[in-house]
Amino acid sequence: QVQLVESGGGLVQAGGSLRLSCAASGRTFGRNAMGWFRQAPGKEREFVAAISGSGGGTIYANSVAGRFTISRDGAKNTMYLQMNSLTPDDTAVYSCAASLATIGGRRVSDYFYWGQGTQVTVSS
């Protein structure tokens with residue numbers, strides 16, 4: 001059974017940092033693109049960042065570019081999202097996802113496997 005499990009969420013003050021992790025089990029995703037999405041209350045799920053299967057290619061939403069960094073550790077079958085300079089607008093449930101392709105996109109439909117999500121709350 002394939003599982004993606006996020007961790008690292010929590011409550012942080014504006015300007016602070018958090019590091020999210022997404023641990024995969026049930027299969028390896030070393031060649032698969034993976035991504036992070038988030039959903040705030042009353043809003044649609046939105047793309048945050050994605051990383052290619054090789055780890056050499058990354059893309060970011062404009063709203064997080066320069067503040068967030070996506071990375072992966074193939075040996076640990078784990079993906080990360082380092083979030084710096086957080087603002088209250090970053091408050092959301094953050095979910096990780098894995099694609100069946102080697103290059104990830106910005107659409108929800110580009111991804112096949114999904115985690116349950118971890119809450120990130122940024123206070124002002």
Side-chain angles (χ1 to χ4, degrees):
Q1 181 181 359
V2 176
Q3 280 191 313
L4 300 178
V5 179
E6 303 93 339
S7 62
L11 174 64
V12 64
Q13 288 188 331
S17 299
L18 282 174
R19 188 193 194 204
L20 304 183
S21 298
C22 172
S25 62
R27 63 163 285 178
T28 58
F29 289 98
R31 296 184 178 182
N32 300 78
M34 298 185 73
W36 288 97
F37 288 76
R38 67 186 182 185
Q39 187 167 21
K43 295 187 178 181
E44 293 187 353
R45 182 176 291 181
E46 66 171 355
F47 170 78
V48 175
I51 187 166
S52 66
S54 67
T58 58
I59 54 174
Y60 296 91
N62 290 338
S63 59
V64 307
R67 300 188 298 123
F68 291 10
T69 302
I70 189 172
S71 62
R72 65 191 301 167
D73 185 332
K76 295 182 179 180
N77 213 20
T78 300
M79 177 179 65
Y80 305 96
L81 185 68
Q82 177 66 44
M83 306 186 295
N84 299 328
S85 301
L86 286 162
T87 75
D89 287 342
D90 295 316
T91 295
V93 174
Y94 284 71
S95 299
C96 65
S99 172
L100 297 179
T102 57
I103 298 178
R106 298 173 183 266
R107 300 172 300 181
V108 170
S109 59
D110 290 332
Y111 298 86
F112 188 79
Y113 298 102
W114 290 86
Q116 292 297 313
T118 184
Q119 177 70 47
V120 171
T121 303
V122 184
S123 63
S124 58

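Along the sequence shown, residues carry numbers from 1. None of the values given here were measured: they were computed from a predicted structure.
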**Q.** side chain to side chain contact (heavy atoms under 4.5 Å, CB included) evaluation trace for Phe29 with Met79
**A.** CA-CA 10 Å; Phe29 289 98; Met79 177 179 65; over 6 Å; no
Q: Any chance you could measure Ile70, atom CD1, to Ile59, atom CD1, to the nearest 0.5 Å?
A: 8.5 Å
Q.
Would the distance check show the side chain of Arg27 and the main-chain N or O of Gln3 forming a donor-acceptor pair, the cut-off being under 3.5 Å?
A. no
Q: Indicate if Phe112 and Ile51 have the same hydrophobic cluster label, given that clusters are the connected sets of ILVMFWY residues with side-chain heavy-atom separations under 4.5 angstrom.
A: yes
Q | Ser123 to Pro88 - nearest heavy-atom pair and separation | A | C-CG, 4.4 Å
Q. Does CD belonging to Gln39 count more than 12 external heavy atoms closer than 6.0 Å?
A. yes
Q: Please check if Tyr111 and Tyr60 belong to a single hydrophobic cluster, counting links between Ile, Leu, Val, Met, Phe, Trp and Tyr side chain heavy atoms closer than 4.5 Å.
A: no
Q. Judged by atom type as modelled, is there a donor-acceptor pair below 3.5 Å linking the side chain of Ser54 to the main-chain atoms of Gly56?
A. yes
Q. Between Ala92 and Ala40, which heavy-atom pair has the shortest distance, and what is it?
A. CB-N, 3.8 Å
Q: Give a yes or no on whether the backbone of Ser99 and the side-chain of Asn32 come within a donor-acceptor separation of less than 3.5 Å.
A: yes
Q) Are any of the side-chain heavy atoms of Arg38 and Asp90 separated by less than 4.5 Å? A) yes
(Q) Under a 3.5 Å distance rule, please check whether Asn77 uses its side chain to pair with a backbone N or O of Ala24 as donor and acceptor. (A) yes
Q. Under 4.5 Å between side-chain heavy atoms, hopping through other hydrophobics if needed: is there a path connecting Tyr80 to Trp36?
A. no
Q. Relative to the ring of Phe37, is the ring of Phe47 parallel (under 30°), tilted (30 to 60°) or perpendicular (over 60°)?
A. perpendicular
(Q) Check for me, please, whether Val108 and Val2 land in the same ILVMFWY cluster - side-chain distances under 4.5 Å, paths through other members count. (A) no
Q | Where Leu81 and Ala49 come nearest, the two heavy atoms and their spacing | A | CD1-CB, 4.3 Å
Q: Check for a donor-acceptor pair, side chain of Arg72 on one end and backbone N or O of Ser52 on the other, with a separation under 3.5 Å.
A: yes
Q.
For Leu4 versus Met34, what's the shortest heavy-atom pair and its separation?
A. CD2-CE, 4.2 Å
**Q.** Hydrophobic cluster membership, Leu86 vs Val48, 4.5 Å side-chain cutoff
**A.** yes
Q: Please step through side chain to side chain contact (heavy atoms under 4.5 Å, CB included) for the pair Arg67 and Met83, ending with a clear verdict.
A: CA-CA 6 Å; Arg67 300 188 298 123; Met83 306 186 295; over 6 Å; no
Q. OG/Ser85 to CZ/Phe68 distance, rounded to the nearest 0.5 angstrom?
A. 9.0 Å
Q. Would you say Ile103 has more than 12 foreign heavy atoms packed within less than 6.0 Å of its CD1?
A. no
Q: Ignoring hydrogens and angles, tell me if any N or O in the side chain of Thr91 forms a donor-acceptor pair with the backbone of Val122 under 3.5 Å.
A: yes
Q. Got a donor-acceptor contact below 3.5 angstrom from the Tyr94 side chain to the Glu6 backbone?
A. no
Q. When you look at CZ of Arg31, are more than 12 heavy atoms from neighbouring residues, nucleotides or ligands closer to it than 6.0 Å?
A. no
